Amino acid sequence: MPAAPASSSTGRYSVFAIAREALRLHSGWKRAWASPEPRRKYQVVIVGAGGHGLATAYYLGRNFGITDVAVIEKGWLGGGNTGRNTTIIRSNYLQDPSAAIYDKALKLYENLSQDLNYNIMFSPRGLLMLAQTEHEVRGYKRTAHANRLQGVATEWITPRRIKDMLPIINIDGPRYPVLGGLYQERGGTARHDAVAWGYARACSAMGMHIIQNCEVTGIETQGGKVAAVNTGKGRIECDKLALIAAGHSSVLADMAGFRLPIESLALQALVSEPIKPCCDLVIMANTVHGYLSQSDKGEMVIGGGTDGFNNYTQRGSWHHVEETVRALIETFPMLSRLKMLRQWGGIVDMTGDRSPILSATPVGNIFVNCGWGTGGFKAIPGSGWAMAELVAQGRPGPLAADFGLDRFAQGRFIDESVAAGVAH
């Protein structure tokens with residue numbers, strides 16, 4: 001597979017470039033990516049300029065030399081779920097296909113800043129999933145054994161070690177005491193905006209078009225294959241079409257004439273006012289549907305479960321914020337003294353088995369990448385790698401082979417309702 005360099009006319013970022021620009025008052029920096037008008041036709045059109053769509057475009061160019069690509073986005077780049085999550089990265093999933101694609105993503109994340117020549121602020125601070133019921137103890141020990149067989153480094157740790165690693169935790173909660181945890185040392189976080197910006201810059205450097213404010217209004221087919229997409233900026237013909245639009249995937253599929261087995265729900269998060277460093281791990285408490293980390297600015301980043309009803313809002317609901325914070329305060333009492341700084345929501349796309357779909361569709365040369373639920377950010381590089389293989393070759397590679405649409409008709413589910421944590 002030929003590798004295309006990430007550098008281009010945008011210039012390569014380095015300490016020497018910073019010094020040079022400092023001497024000329026930073027007047028020589030070029031735009032990180034271009035904003036061209038769409039052409040009449042492209043070899044590949046990708047709908048969705050979030051992390052998954054941009055990563056797919058990048059690996060199409062890097063791994064397969066396909067650069068006649070347009071990534072179109074109805075809003076602004078990274079303005080969907082990519083910029084609306086809690087940035088958790090991990091690969092400690094139970095089923096073999098899940099562990100493979102998430103661990104591929106984690107390995108790519110570990111060197112992504114160097115690969116893209118863009119600092120994504122990857123922070124492998126460690127991730128801990130708390131077991132607060134006997135059922136979770138059994139489930140996480142099972143996952144630890146499965147991860148060992150998969151070559152994914154995780155371990156079961158005791159409550160005392162958890163307390164030593166995280167002094168702010170209350171391990172003797174009255175309802176949900178901490179009985180142990182599944183720990184992945186390689187897990188952590190990255191800056192969500194930077195991931196999208198880094199991929200966008202690299203795609204633009206390869207000559208791909210990133211077209212914002214370009215909503216798809218219709219999909220044309222001819223002879224059972226895709227012919228064009230109609231957008232707010234005109235009709236765009238394409239040889240292949242990739243639908244990578246998270247919670248709006250079912251809307252696009254309906255335009256193309258087929259249905260997807262997903263439902264769309266709001267998932268929300270919030271951050272507190274900034275405080276001094278007190279939490280250098282990423283914590284998931286799935287029994288109470290809450291997770292917690294501390295940002296570089298000192299904010300406590302808090303997330304919870306999905307709304308209990310289908311919707312397309314990016315606001316979320318106040319009662320869910322209250323439920324999440326109330327549950328976490330029992331395990332982290334210090335949170336009760338903090339004020340909420342801001343709150344937001346995103347639209348997640350859920351499948352019945354809580355695993356994604358990377359698949360060809362009933363319409364020729366239309367491919368879909370969706371169903372990541374609450375686990376989309378952590379999968380971005382692996383998802384893009386696998387989707388690029390599927391689009392370029394017309395058939396799935398080993399990472400995507402088990403995530404086809406046909407598994408729902410065959411009853412061949414990849415059940416991750418436990419490992420996905422708050423997604424169930």
Side-chain angles (χ1 to χ4, degrees), residues 45-56 71-88 192-193 195-196 212-219 229 231-232 241-270 289 291 303-317 320-321 343-359 361 366-380 383-384 387 403 405 408 416-417 420-424:
V45 169
I46 296 172
V47 181
H52 291 259
L54 292 165
T56 299
V71 185
I72 60 177
E73 168 61 47
K74 75 171 186 176
W76 66 94
L77 187 149
N81 290 354
T82 298
R84 296 172 177 271
N85 62 81
T86 51
T87 75
I88 294 173
H192 44 27
D193 294 322
V195 172
Q212 302 176 80
N213 299 309
C214 184
E215 183 174 2
V216 174
T217 57
I219 297 174
V229 290
T231 76
L241 176 65
L243 306 178
I244 312 177
H248 286 95
S249 297
S250 56
V251 177
L252 293 168
D254 185 60
M255 293 180 186
F258 62 92
R259 296 182 65 188
L260 289 172
I262 64 171
E263 55 184 1
S264 299
L265 305 115
L267 178 71
Q268 58 191 310
L270 65 139
H289 277 196
Y291 38 99
T306 55
D307 280 357
F309 49 90
N310 294 351
N311 61 86
Y312 288 92
T313 178
Q314 290 183 314
R315 295 188 301 274
S317 50
H320 224 72
V321 172
Q343 172 266 352
W344 66 92
I347 309 165
V348 298
D349 43 329
M350 303 286 239
T351 60
D353 60 359
R354 300 305 187 253
S355 290
I357 300 169
L358 293 94
S359 180
T361 70
I366 295 184
F367 306 91
V368 66
N369 180 346
C370 66
W372 290 97
T374 63
F377 180 76
K378 66 179 70 72
I380 283 173
S383 164
M387 191 65 178
F403 295 105
L405 275 169
F408 298 100
E416 289 291 1
S417 55
V422 297
H424 65 283

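Source: prediction; values computed, not measured. Just the heavy atoms: all of them, side chains too, but no hydrogens, waters or symmetry mates, feed the values below.
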Margin query: Test of understanding: with side-chain contact (heavy atoms from CB on, under 4.5 Å), list the residues that count as partners of Ala246, not counting sequence neighbours.
Written below: Asn81, Asp349
Margin query: How close do Leu54 and Ala49 get, counting heavy atoms only, and between which atoms?
Written below: CD1-O, 3.7 Å
Check: For the atom pair CD1 (Ile88) and OH (Tyr291), what is the distance rounded to the nearest 0.5 Å?
Finding: 6.0 Å
Next item on the list: Enter the distance from Asn310:CG to Ile347:CD1 here, rounded to the nearest 0.5 Å.
Entry: 11.5 Å
Margin query: Just so I know, are the side chains of Thr87 and Phe377 near enough to count as touching, which here means a heavy-atom distance under 4.5 Å?
Written below: yes
Notebook entry, point to check: Which heavy atom in Gly48 sits nearest to a heavy atom in Val71, and how many Å separate them?
Noted result: O-CG1, 3.6 Å
Next item on the list: Kindly write out the residues that satisfy ring pair (Phe, Tyr, Trp, His ring centres under 6.0 Å) with Phe367, not counting sequence neighbours, or none if the list is empty.
Entry: none
Checklist line | Partner set under side chain to side chain donor-acceptor pair (under 3.5 Å) for Asp353, not counting sequence neighbours | finding: Thr351, Arg407
Margin query: Measuring from atom CD1 of Ile46 to atom CD of Glu73, what distance do you get when rounded to the nearest 0.5 angstrom?
Written below: 12.0 Å
Next item on the list: List for me each residue that meets side-chain contact (heavy atoms from CB on, under 4.5 Å) alongside Trp76, sequence neighbours excluded, and say none if there are none.
Entry: Arg84, Gln212
Margin query: Tell me every residue that passes side-chain contact (heavy atoms from CB on, under 4.5 Å) with Gln268, counting only those two or more places apart in sequence or in another chain.
Written below: Asp307, Ser317, His320, Val321, Gln343
Next item on the list: Please name all residues satisfying side chain to side chain donor-acceptor pair (under 3.5 Å) with Asn311, sequence neighbours left out, ordered by chain then number.
Entry: none
Side-chain atoms of residues 252-267: list all donor-acceptor pairs with protein atoms under 3.5 Å, sequence neighbours left out, distances to 0.1 Å.
from   : atom 1 : to     : atom 2 : distance (Å)
Ser264 : OG     : Gly247 : O      : 2.6

Check: Considering all heavy atoms of both residues, which atom of Thr82 and which atom of Asn85 are nearest to each other, and what is their separation?
Finding: O-ND2, 2.8 Å
Next item on the list: On the 0 to 90° scale, with breaks at 30° and 60°, tag the Trp372-His52 ring pair as parallel, tilted or perpendicular.
Entry: tilted
Checklist line | Contacts of Ser359 that satisfy side-chain contact (heavy atoms from CB on, under 4.5 Å) - sequence neighbours left out | finding: Ile357, Val368, Leu405
Notebook entry, point to check: For Thr56, what residues pass the side chain to side chain donor-acceptor pair (under 3.5 Å) criterion, not counting sequence neighbours?
Noted result: none
Margin query: As an exercise, state the distance from CG of Asn369 to CG of Leu243, rounded to the nearest 0.5 Å.
Written below: 10.0 Å
Notebook entry, point to check: So, the side chain of Thr231 versus the backbone of Cys214: is there a donor-acceptor pair under 3.5 Å, distance only?
Noted result: no
Item checked: Between CG on residue Asn213 and NZ on residue Lys74, distance to nearest 0.5 Å -> 11.5 Å
Item checked: Heavy-atom pair with the smallest gap, counting every atom of Met387 and Ala242 -> CE-CB, 4.2 Å
Check: Residues two or more places apart in sequence or in another chain: which of them pass ring pair (Phe, Tyr, Trp, His ring centres under 6.0 Å) with His248?
Finding: Tyr312
